Structures are given as C-alpha cells and as structure tokens.
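See below for the structure under consideration.
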Amino acid sequence: MDNYTIADNFSLLSKLMDIHGEDSFKAKSFASASFTIEKLPAQLKETAPEDIARIKGIGSSTNKAIQEMLQTGHLSLLENFIIKTPPGILEMLKIKGLGPKKIATIWKELEVETLGELLYACDENRLTLLKGFGQKTQDNVKQSIEFYFSNRDRFLYAEIATMAQELEKRLQQMLAPALVSLTGQVRRTEIIIDEVELVVSAAPAIIEQQLSAIPDFTLVETTDHSQLWQHQQHVKMRIYSCLPEDFAKTLFITTADAAFLEHFDADGQAAALLNGATSEAAIFEKAGLDMIEPCMRNGGLALDLAKRKQLPTLISPEDIKGIIHSHSQWSDGVNTLEEMATAAKAQGLEYLVISDHSRSAFYANGLSIERIQAQHQQIEELNKTLAPFRIFKSVEADILYDGSLDYSDEILATFDLVIASVHSILKMTEEKAMARLLKAIENPYTTILGHMTGRLLLSRNGYPVDHQKIIDACAANNVVIELNAHPRRLDMDWQWLPYALEKNVLISIDPDAHSIEGYKDVYYGTLAARKGGLTKEKNLSSFSRTALETFLQQRRAARIN
DNA sequence: GCCGTTTTCGGCCCGACTGTTTTCAGTCG
C-alpha cells in the first residue's frame with residue numbers, strides 16, 4: 001500500500017469520525033496524519049516502524065493503523081465506520097460545499113440519506129431551515145449535486161429535452177438538405193433518457209466529418225447503422241444514418257420500443273408496410289391503423305387500441321385548468337400564498353389548491369392547528385378579491401407510520417380537499433407500506449393519494465407497493481391518484497395509468513409546486529400522462545373550477561356524514 | 001489521538017475564504 005492510499009484512508013476516517021460525532025480532536029489528528037503522510041518523501045512501506053514512530057503527528061495508534069494497512073491491506077477502524085454509514089452519506093462527501101459537519105446536520109436534522117433526497121430537499125427550500133445553512137449554501141449544494149449527477153450517464157427527460165431539441169436544430173442546419181429528427185427515448189418522451197437518438201438521412205462518413213468539427217463531441221463507437229458520440233460531461237448521442245428514401249422507415253423503427261415493434265410485426269407484414277414508405281402517417285394508413293403518437297409507442301397497448309379504433313385523445317398541457325398540490329411560505333414554499341394565487345390567476349388558471357405541509361412535517365415548517373385556522377382566514381379574504389378565481393383549502397397531510405392522517409376528523413373537515421402523502425420512515429416492507437397506504441386511502445377525508453411510491457427518479461427507489469391493490473382501493477373509496485409532475489417524481493408511474501383508467505379511477509396531474517416557478521412542472525406530468533393514455537376527462541386538474549367544486553361536494557356527501 | 005512541560009493530563013486547533021452571523025463555524029486547497 002502506497003502513501004497516497006494510506007493518507008486517503010486516514011482522511012476518510014477523519015471525516016467519518018466527524019460525521020458520527022466522535023471527538024473532533026481525535027478526528028483532527030487522523031486528518032493531520034493524513035496530511036503529513038501525503039507529503040512524506042519516503043514510502044512508509046519502506047520505513048522501519050520505529051522510524052515511523054518518530055514522525056511528528058504520528059503516535060502509537062496511528063502507527064499501529066499504518067502497520068495494519070501495510071500488513072493486511074485493510075484498516076478495520078475505517079471499515080467499522082463505513083459499515084454504519086449509509087452509502088448516500090458517503091457520496092455526499094463528493095459534493096462541493098458539504099463537509100462532515102454539514103453532512104451530519106443534514107443526516108440528523110433532515111433525515112436525508114441520499115443525494116437525490118438532498119436535491120429534492122433543496123428544491124423544497126428545506127436546507128435553509130437548518131441552523132448554519134442559508135440561501136447561498138442551499139444554492140451551492142443544489143448546483144453541486146446537479147453537477148455530480150450530470151456526470152453520470154442517465155438523465156431525467158427534463159434535464160435533456162431542451163438540449164436534445166437544440167441539437168436536432170443544429171444538426172438540421174449543419175447537414176442540410178439531409179433530413180434530421182429526434183427519435184428513440186427522447187421522441188417517446190421517456191421519463192429517463194440514456195441516449196439522445198437521432199435519425200439522419202446522410203452517409204456515416206459525412207455525418208462523422210461534420211460532427212468532428214464540433215469540439216464538444218467525441219466519436220466513441222461505430223456500428224453498421226449508427227454512431228455513438230459522447231458529449232463532454234454530458235449525455236451520449238446516437239445517430240442512425242440512413243438513405244433519404246428510408247427516412248420514414250428508420251424513424252418508425254428507431255422511435256418504437258422493442259415490444260411495440262414485435263406487436264407491429266405480429267403477422268410478419270412489417271417489412272412490406274415499411275419499405276418505400278414516404279412518411280410515418282403513410283405507414284399507419286397502409287396498416288389500416290389510426291396514427292399512434294410517438295409517446296405511445298411503448299409495448300402493445302396502443303396498437304390494440306388503434307386496431308379497435310379506440311385510441312384516446314390524449315391530454316395536453318393546455319388542458320390543465322388549475323394548480324392542485326402547492327406549497328406557500330406557510331410551510332416550505334418560496335412564495336407567499338398571495339403571490340402563488342395571483343400568479344396562477346395571471347397564467348389563466350381557474351384555481352389554486354394550496355396544500356401546505358401538515359404538523360408532523362416539522363422539517364418543512366408544517367402547520368399547527370392554530371396556523372391552519374389563520375391560513376383559512378387569509379384564503380377567505382384573498383378569495384373575495386380574486387373571484388371568480390378560487391383558492392381551495394387543502395393540506396398535504398402526512399400519512400403517519402400507522403396509516404392515520406396527521407389531524408383529527410374535526411380539523412380535516414375544515415379543508416375543501418386533503419392530499420395524503422407519506423414523507424417519513426420510507427424504509428418499509430411491502431406489507432407495511434400497503435397497510436399504511438390502504439388505511440390512508442380508506443380515510444373518508446382523503447381526497448387525493450399523493451406521490452404514491454415516494455420514489456425520486458435516478459436516486460431513490462420508492463417503497464414497495466402492490467400498484468394493482470392500491471388502484472383497486474382508490475376505486476373502491478373514490479380516491480383520486482396523483483401523478484406528481486415533478487420531473488424527479490412522476491409518481492404514480494404512467495405504466496399504471498391504463499389499469500387505473502380501466503378501474504375508472506381519476507388521476508390528478510399535480511406540480512407539487514414549492515414556488516410559482518414550480519407550476520411549469522405540470523408540463524412534464526402531462527407528457528408522462530400521455531404515455532399512459534390519459535385524457536382530460538379523467539384528469540382532476542383539467543376540471544373547471546365549478547366542475548371541481550361539484551366533484552368535491554358530491555364526494556363529501558357520499559363519503560362523509 | 002498527539003504532544004509535551006511549569007512533564008502523564010489538559011490543551012490542541014494550517015490559514016484563507018465563504019457564508020451566516022454580528023463574532024464565528026465550516027469547508028477547502
């Protein structure tokens with residue numbers, strides 16, 4: 001083992017000791033040993049133990065640890081700390097601006113254990129609530145984590161979409177008159193993107209020659225049909241090269257996922273349909289099918305619907321009539337309630353459902369019963385001046401560990417609607433998660449089930465749930481299922497929308513906005529919803545104000561009293 | 001954990017910089 005490795009081990013040991021709240025002078029001595037060793041002119045493995053003992057800053061314990069590393073290749077003291085540290089906490093040490101003390105605070109105070117959760121806590125403005133943290137620290141941490149994530153090889157659609165569209169335009173200009181189109185995952189608006197894929201009607205050599213001129217891109221792989229380019233510190237780009245007369249065919253084939261193509265070719269007629277096609281529309285026409293939008297070219301469902309002439313008219317962003325699920329300064333939001341409402345009205349929306357956090361969400365400044373009453377007074381006053389725009393009184397009530405909601409029935413009854421979500425103790429078996437969720441769904445005051453699995457895409461898996469049973473329970477209890485539109489959540493997953501629609505369960509595309517800026521996330525929620533075949537009729541946030549009022553009255557009459 | 005003397009137990013603490021404070025805590029090179 002060389003000096004650098006030994007020094008690194010001591011450095012990490014020191015940080016972990018600080019994170020775990022060990023005596024800071026002890027931790028410091030390992031840090032200074034690390035510093036000293038890194039600068040030693042001679043290798044420790046070639047130095048006699050008694051000579052090592054004479055080095056300033058290395059005492060008997062450190063020397064013993066050095067000998068252990070030299071003899072066994074391990075440092076048991078360090079390994080013991082690693083075992084009791086979640087991997088996400090170790091990863092936080094890679095984030096600029098975060099040292100042991102801050103990480104310990106984040107871990108202990110926020111109960112955040114992964115970078116994904118930490119990023120989300122920044123989005124929700126929760127870091128600034130911690131002592132010793134301010135706006136700048138939160139901004140730095142957020143930026144730092146995003147940078148870290150951007151160096152990984154998978155991306156959220158929202159992180160990639162703009163860049164992909166700009167790339168498409170740029171290539172169209174560079175390679176004209178060749179045809180260029182986005183295809184694959186991006187064209188299907190998948191929620192997670194591995195590669196930006198494009199079809200280009202030009203020869204590989206020409207594409208390579210042109211793209212080599214862009215300094216940001218490096219060619220990493222060439223196959224018969226495609227080239228893979230790596231953008232510096234960014235996503236990979238795959239380019240399918242084809243003849244101009246094969247453009248429609250290639251676009252069709254590369255847009256769809258494998259299961260869709262398999263279904264499409266179930267009778268072995270695909271080749272005949274594709275060859276010589278001048279457009280995708282012509283392919284569908286020749287196949288006797290209505291045009292299936294690229295976003296629905298996953299699996300076989302859309303093809304079955306198309307064969308029966310039952311393709312739905314998909315919801316689109318302009319079908320959103322109000323903001324459901326939002327947070328203001330009353331809890332952990334950035335903007336005041338008045339600002340949130342005024343902005344929603346100015347955007348042409350008909351209503352705002354304000355759902356600040358409930359009292360157990362202490363980390364998010366959740367509302368005490370007194371503060372709920374004060375907020376309701378303010379809502380009533382604002383509604384007088386904003387009418388016909390309306391603020392609906394809501395709350396994002398924590399589903400507690402036993403499945404009960406965070407307030408008594410008397411308090412829950414004062415809201416127009418209640419969004420019930422799990423925020424704490426996310427590590428559960430499926431059995432526990434199901435019992436907890438089902439109890440919350442059966443609560444007559446629960447109107448909407450918020451972010452069903454608690455997942456954070458690319459960074460945290462949700463707790464395990466039996467989707468089918470949850471959907472069945474929502475159907476039985478007339479509970480709306482949220483499609484949380486935050487691009488890192490998109491929870492419930494769109495893959496379960498067909499089943500929910502079959503069971504006649506309403507969906508609600510909700511931004512979970514913690515600022516006015518957050519409203520724009522409904523766009524991503526809508527894209528995900530389209531993949532699952534959602535229509536505006538089945539989306540609660542597409543209801544007009546009056547339709548929502550009627551729905552809530554009827555639901556209340558049926559479920560309560 | 002290390003050090004060292006007024007010497008075996010009590011104090012130790014890179015300095016510059018940032019950010020959050022209103023005199024300091026934490027991070028980083």
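In this text the structure is predicted, and so the values were computed from the model without any measurement. The sequence lines fix the lettering, A, B, ..., with proteins before strands; numbering per chain opens at 1.
When the P atom is used for both B/dG15 and B/dT21, the distance is 26 Å, rounded to whole Å. Here the separation of B/dT6 from B/dC14, taken at their P atoms, is 22 Å to the nearest Å. B/dG11 and B/dC17: their C1' atoms are spaced 27 Å apart (whole Å). B/dC13 and B/dG26 are spaced 14 Å apart, taking the C1' atom of each and rounding to whole Å. Taking atom C1' in both B/dG1 and B/dT8, one finds a spacing of 15 Å when rounded to whole Å. Taking the C1' atom of each, B/dT18 and B/dT23 are spaced 15 Å apart, rounded to whole Å. Atom name C1', nucleotides B/dG10 and B/dT5: the rounded distance is 11 Å, in whole Å. B/dC9 and B/dA16 have their C1' atoms separated by 33 Å, with the value rounded to a whole Å.
B/dG1 atom C1' lies 12 Å from atom CD1 of A/Ile58, rounded to whole Å. A/Leu93 places its CG atom 14 Å from the P atom of B/dG29, with the value rounded to the nearest Å. Separating the CG atom of A/Asp23 from the P atom of B/dC2 is a distance of 12 Å, rounded to the nearest angstrom. Between the CZ atom of A/Phe10 and the C1' atom of B/dC2 there is a distance of 13 Å, given to the nearest Å. The CZ-C1' distance, from A/Phe30 to B/dC13, rounds to 17 Å in whole Å. Rounded to a whole Å, the CD1 atom of A/Ile55 is 14 Å from the C1' atom of B/dC2. Here the P atom of nucleotide B/dC2 and the CZ atom of A/Arg54 are 16 Å apart, to the nearest Å. Rounded to whole Å, the distance from CG on A/Leu127 to P on B/dT20 is 11 Å.
Residues passing the salt bridge (Lys or Arg N to Asp or Glu O under 4.0 Å) test with A/Asp23, sequence neighbours excluded: none. In this view, A/Trp494 satisfies the side chain to side chain donor-acceptor pair (under 3.5 Å) rule with no residue, not counting sequence neighbours.
Checked against the 6.0 Å centroid criterion, the rings of A/Tyr351 and A/Phe392 qualify as a close aromatic pair.
Here A/Lys393 pairs with A/Glu380 in a salt bridge; the nearest charged N to carboxylate O distance falls below 4.0 Å. A salt bridge is absent between A/Asp510 and A/Arg489: the closest approach of a Lys/Arg side-chain nitrogen to an acidic carboxylate oxygen does not fall below 4.0 angstrom. With salt bridges taken as basic N to acidic carboxylate O contacts below 4.0 Å, one links A/Arg455 and A/Asp493. A salt bridge between A/Arg54 and A/Asp51 is present, with a side-chain N of the basic residue lying under 4.0 Å from a carboxylate O of the acidic one.
A donor-acceptor pair shorter than 3.5 Å can be found between the side chains of A/His357 and A/Asp332.
Each of A/Gly57 and A/Lys101 lies near DNA chain B, and the nucleotide nearest A/Gly57 is the one positioned closer to the 5' end. Along DNA chain B, the nucleotide closest to A/Lys96 and the one closest to A/Thr62 are compared, and the more 5′ of them pairs with A/Thr62.
Dashed line: the shortest gap from a side-chain N or O of A/Lys15 to OP1 or OP2 of B/dC28 is not under 4.0 Å.
Ring stacking holds between A/Phe25 and B/dC12, with the centres under 5.5 Å apart and the planes within 30 degrees of each other.
Looking at heavy-atom distances under 4.0 Å, A/Ser32 makes no contact with the nucleic acid at all.
Checking B/dA16 for Watson-Crick or G-U wobble geometry (two distances, each under 3.5 Å) identifies B/dT27 as its partner.
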Protein-nucleotides 14-19 of chain B N/O pairs closer than 3.5 Å?
unit_1: B/dG19; atom_1: OP1; unit_2: A/Asn140; atom_2: ND2; d: 3.3
unit_1: B/dG19; atom_1: O3'; unit_2: A/Thr137; atom_2: OG1; d: 3.3

